[in-house]
Amino acid sequence: MRLLRRQAVAPLRQRILTVLRGSPSARLSIDYSQPVGDPGLFGPDSVTWKIHSDFPAMMAGGICALMLQTLHPSALAGVWDHSDFREDVLGRLRRTTAFVAGTTYAPTAGAEGLIEQVRNIHRRVRGTAPDGSAYSADDPELLTWVHVTEMWSFLQGYRRHVAPDLDRALADRYFDETRCIAEALGAREVPGSVAAVDQYFEAVRGQLEFSARSREVLAVLNRIELPMPGATAVRGTFLGAGAALLPDWAAQLLGRTALRRARDRAAQRALRAASPAIRLALADGASAVACRRVGRDRSALAFG
């Protein structure tokens, strides 16, 4: 029976991997299976390994984080001036996905190599924002913004799609664990608890705006072409499920009406319904390989 189920979802697995990886030449060369026993930056007992192991939750969270990030003028300026997102938004999403997966589950050397690659890229990203202020991608404050929006969104995705009653202490541990990535990239004063993240958002909200550039980034995202059958419906489901995670203040700033929010929640329900098949299709992903590397069963990725 298990073999039949795997065979049934094999086409789904291939379509998802095509979206995530692109062409073979674009794939990263990290070997998640070696060296045996290497726990990487977090290890199997971390909250991070558990939360990052659920693909539907992470994809919805990643979309939510991208929407939030469009609201910070200086952070958006770097993407606008130095990124090919308008021509290759899927490529940008793939690179972000690969970085998160690698820093979470890769062996130590592989994870540290990814961080160094990103640091090198950030050193070259400098310019002037629309208001005339200078920006740089290695600005500690901008690095903190990008990190917090991502980790907050991943946590919300996990709560909505996997564990609605996730303990507050575990959420605190998650923020405390993952800030090491932001700090390794150069961020400073990274919030390490739920309360600290809430305070951070409250403090930074005065700097945020929904600009013409924000609208263009979201428009590009809404036009993304996925190399798979039913791409329009799949795109709408993931984008809506991501938007459903937005905090009320961000949804209001982004101009999402009550009707749009209702549609977002419907997309979230659709993704939740499809999640069992998606999880089965990706049951042998990076997290499972990492578990084998350290001699753990994949059940170690579940709480409880």
About how many Å separate CH2 of W80 and CD of E216, when rounded to the nearest 0.5 Å? 5.0 Å

Would you find more than 12 non-hydrogen atoms of other residues, nucleotides or ligands less than 6.0 Å from E183 atom CD? yes

From CA spacing to verdict: side-chain contact (heavy atoms from CB on, under 4.5 Å), V47, F303: CA-CA 8 Å; V47 174; F303 288 107; 3.8 Å; yes

Do L208 and L246 sit in the same hydrophobic cluster, where Ile, Leu, Val, Met, Phe, Trp and Tyr count as joined when their side-chain heavy atoms come under 4.5 Å apart? yes

Assess the residue pair Q117 and N120 against the criterion (side-chain contact (heavy atoms from CB on, under 4.5 Å)); give the C-alpha distance rounded to whole Å, side-chain angles, the decisive distance to 0.1 Å, and a yes or no. CA-CA 5 Å; Q117 287 177 30; N120 289 335; 5.6 Å; no

Could you walk me through whether Q268 and D264 pass the side-chain contact (heavy atoms from CB on, under 4.5 Å) check? CA-CA 6 Å; Q268 184 177 77; D264 293 340; over 6 Å; no

Side-chain heavy-atom pair I115, L41 within 4.5 angstrom cut-off: yes

If we only count heavy atoms from C-beta on, is the L301 to C291 side-chain gap below 4.5 Å? yes

May I have the step-by-step check of salt bridge (charged side-chain N to carboxylate O under 4.0 Å, His left out) for D284 and R298, ending in yes or no? CA-CA 9 Å; D284 199 37; R298 197 177 187 279; over 6 Å; no

Any D45 side-chain heavy atom under 4.5 Å of R296 side chain: yes

Could you tell me if the ring centre of H147 sits under 6.0 Å from that of F175? no

Mark yes or no for whether D172, through its side chain, and V194, through its backbone, hold a donor-acceptor pair below 3.5 Å. yes

Could you check whether any side-chain N or O of R293 sits under 3.5 Å from a backbone N or O of D38, counting only pairs where one atom can act as donor and the other as acceptor? yes

Less than 4.5 Å apart, side chain to side chain, heavy atoms only: is that true for R179 and E189? no

One should read off an interatomic distance between D176 CG and S46 OG, to the nearest 0.5 angstrom, of 12.0 Å

Derivation and outcome, side-chain contact (heavy atoms from CB on, under 4.5 Å), residues T97 and R94: CA-CA 5 Å; T97 300; R94 284 169 175 155; 5.7 Å; no

Measure from the side-chain N and O atoms of R213 to the backbone N and O of A77, and report whether any donor-acceptor pair falls under 3.5 Å. no

Check whether any side-chain heavy atom of D248 sits under 4.5 Å from a side-chain heavy atom of R261, and report yes or no. yes

Please name the pair of heavy atoms, one in I51 and one in M58, separated by the smallest distance, quoted to 0.1 Å. O-SD, 3.9 Å

Main-chain N/O of Y105 paired with W49 side-chain donor or acceptor, under 3.5 Å: no

Do you reckon V289 sits in the same ILVMFWY cluster as I30, going by side-chain contacts under 4.5 Å, direct or chained? yes

Is there a path of hydrophobic side-chain contacts, each under 4.5 Å between heavy atoms, that joins L66 and L71? yes

Considering all heavy atoms, the nearest T144-A187 contact: OG1-CB, 3.4 Å

Heavy atoms only: give me the nearest A137-L143 pair and the separation to one decimal. O-CD2, 3.4 Å

Rounded to the nearest 0.5 Å, how far apart are OG1 of T257 and CD of Q252? 12.0 Å

Between W145 and M151, is there shared hydrophobic-cluster membership here, with clusters defined by ILVMFWY side-chain heavy atoms closer than 4.5 Å? yes

Going by heavy atoms in the side chains, are H161 and L271 under 4.5 Å from each other? yes

Could you walk me through whether D54 and R279 pass the salt bridge (charged side-chain N to carboxylate O under 4.0 Å, His left out) check? CA-CA 7 Å; D54 190 75; R279 291 174 186 130; 2.4 Å; yes

Mind listing the closest non-hydrogen atom pair of A286 and Y32 along with its distance? CB-CE2, 3.8 Å

Quick check: closest heavy atoms across E141 and Y200, and the distance to 0.1 Å? O-OH, 4.2 Å

Using only atom types and a distance under 3.5 Å, with no angle test, would you say the side chain of R119 pairs donor to acceptor with the backbone of A184? yes

Interatomic spacing from CG in L166 to CZ in R160 - rounded to 0.5 Å: 13.5 Å

Can you name the closest pair of heavy atoms from A241 and A267 and give their distance? N-CB, 3.7 Å

Side chain to side chain, V100 and F154, heavy atoms closer than 4.5 Å: yes

So, taking the atom named CD in E112 and the one named CG in L114, what distance separates them when rounded to the nearest 0.5 Å? 10.5 Å

Do F99 and V190 share a hydrophobic cluster (ILVMFWY, side-chain heavy atoms under 4.5 Å, transitive)? no

Kindly indicate whether the side chain of L68, heavy atoms from C-beta on, has any atom under 4.5 Å from the side chain of S153. yes

Please work out which of the three classes, parallel, tilted or perpendicular, describes the rings of W152 and F201, given edges at 30° and 60°. perpendicular

Value rounded to 0.5 Å, distance of CG in L245 from OH in Y158: 14.5 Å

